[in-house]
Amino acid sequence: MQVSDKTPKNIESTDNTNTSHKVKRWLEIAGFLAVLFVMLKLMSYLMDPVRLGRPQCVGEKDTYFVSAMTEKDIPIDVAVFGDSESIVLLSPKILLDEGEISSYIVGATGERVSEAYYAIEDFLEVHNPKVILLEANMFFTTSGDARETLHSFNSIMFHTFPVFRYHNSWKALSGINHSEPLTHFRGFDERPEVNPYTGDEYMIPTDDKESIIHTNIYYMDKICELCNKHGTEIVLVSAPSPTNHNYRRHNALQALADSKGLNYLDLNLLKNEIGLDWTTDSLDGGDHINLSGSEKVSRYMIQYLKDNFDF
């Protein structure tokens, strides 16, 4: 009869060896992640266009944000965030010259609510605006919660490790490629082109509401919490846009604003008060307003801000 060598002592020795190997493996993984974290942080520091003071070196989407972050000495009373509708919303020059209100457009083409949250978080570390105008077109998406959750993960990564955000600009940031000087004034580029909107009336009253996905509501809550902490007021704004806006979206945004105790300004319902003319004030057939439209909205916004806030 063969006697097994698996005595309790040998079994215990084998278990200890396996445990030791597992601990070693986890330590190796932890060490690798720690080294990777440090490397990404170092690369992010070296390629940080804000630290380098080079907003002209980043891609078009990040230009206005980086510009605002580098102009730390400018007192900013009003900051505008949102997608491409926000970057044509108003003229900071008119607000400054005619209303003595210092403003900056910090929006970005295609910006999502999660991206806006992290942009506002960084912005409030540098500036102390009285009011943030949050252009609300970005709240509506056809991608759904799952896709927006994935995009929010990307937003977290870009915020934690800016090297991912600015990696395509490394040649310009390092001086290898030449960068053209920026022409905008406080985030506003003049767009005088005219392409009229010739469609029908788009603000037709209804009780229906378009849905806003949970991910965007979650980040809106975080934006509200962040601004409350800094003593900054939020105004939800819908820029004039026949292509993007309708009464269903108006109702959804009004309900959102009411639930958060915020002001909501729907400029699509104020065409006559603003003086908008879609034959002269449309940049691209009803998607965005042009320079003429922005100037009219700016003059309306001066009075709105003075009537509702301490300016």
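Throughout, numbering of the chain's residues begins at 1 and tracks the sequence.
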Problem set entry | Heavy-atom closest contact (Val297 atom, Pro240 atom, distance) | CG2-CG, 4.2 Å
Exercise. Is there a side-chain contact between Phe139 and Leu236, using heavy atoms and a 4.5 Å cut-off?
Worked result: yes
For this session: Could you give me the CA-CA distance, side-chain angles and deciding distance for Asn308 and Asn263, then say whether side-chain hydrogen bond (donor to acceptor under 3.5 Å, both in side chains) is met?
Result: CA-CA 9 Å; Asn308 291 276; Asn263 289 341; 4.5 Å; no
Problem set entry | Asp258 atom CG: more than 12 heavy-atom contacts under 6.0 Å | yes
Problem set entry | Ion pair check, Lys260 and Asp221, cut-off under 4.0 Å | yes
Problem set entry | Within 45° cone and under 6.0 Å: Lys130 NZ/CZ vs Phe311 ring | yes
For this session: Look at the aromatic rings of Trp278 and Tyr197 and report parallel, tilted or perpendicular, splitting at 30° and 60°.
Result: perpendicular
For this session: Would you mind telling me which of Tyr64, Phe65, Phe81, Tyr117 makes a ring-ring contact (aromatic ring centres under 6.0 Å, His included) with Phe123?
Result: Phe81
For this session: State the OG-NZ distance between Ser298 and Lys93, to the nearest 0.5 angstrom.
Result: 11.5 Å
For this session: If the plane angle is over 60° it's perpendicular, under 30° parallel, otherwise tilted; pick one for Tyr104 and His184.
Result: perpendicular
Problem set entry | More than 12 heavy atoms from other groups under 6.0 Å of NZ on Lys72 | no
Problem set entry | side-chain contact (heavy atoms from CB on, under 4.5 Å), paired with Ser238, selected from Leu253, Leu267, Leu269, Leu265 | Leu253
Seminar exercise, completed: So CG of Asp189 and OG1 of Thr63: to nearest 0.5 Å the spacing works out to 8.5 Å
Problem set entry | Donor on one side chain, acceptor on other, Asp200 and Tyr202, under 3.5 Å | no
Exercise. Does the distance from a Lys or Arg side-chain N to an Asp or Glu carboxylate O, for Glu115 and Lys61, drop under 4.0 Å?
Worked result: yes
Exercise. Of all heavy-atom pairs between Gly275 and Asp281, which one has the smallest distance, and what is that distance?
Worked result: O-OD2, 3.9 Å
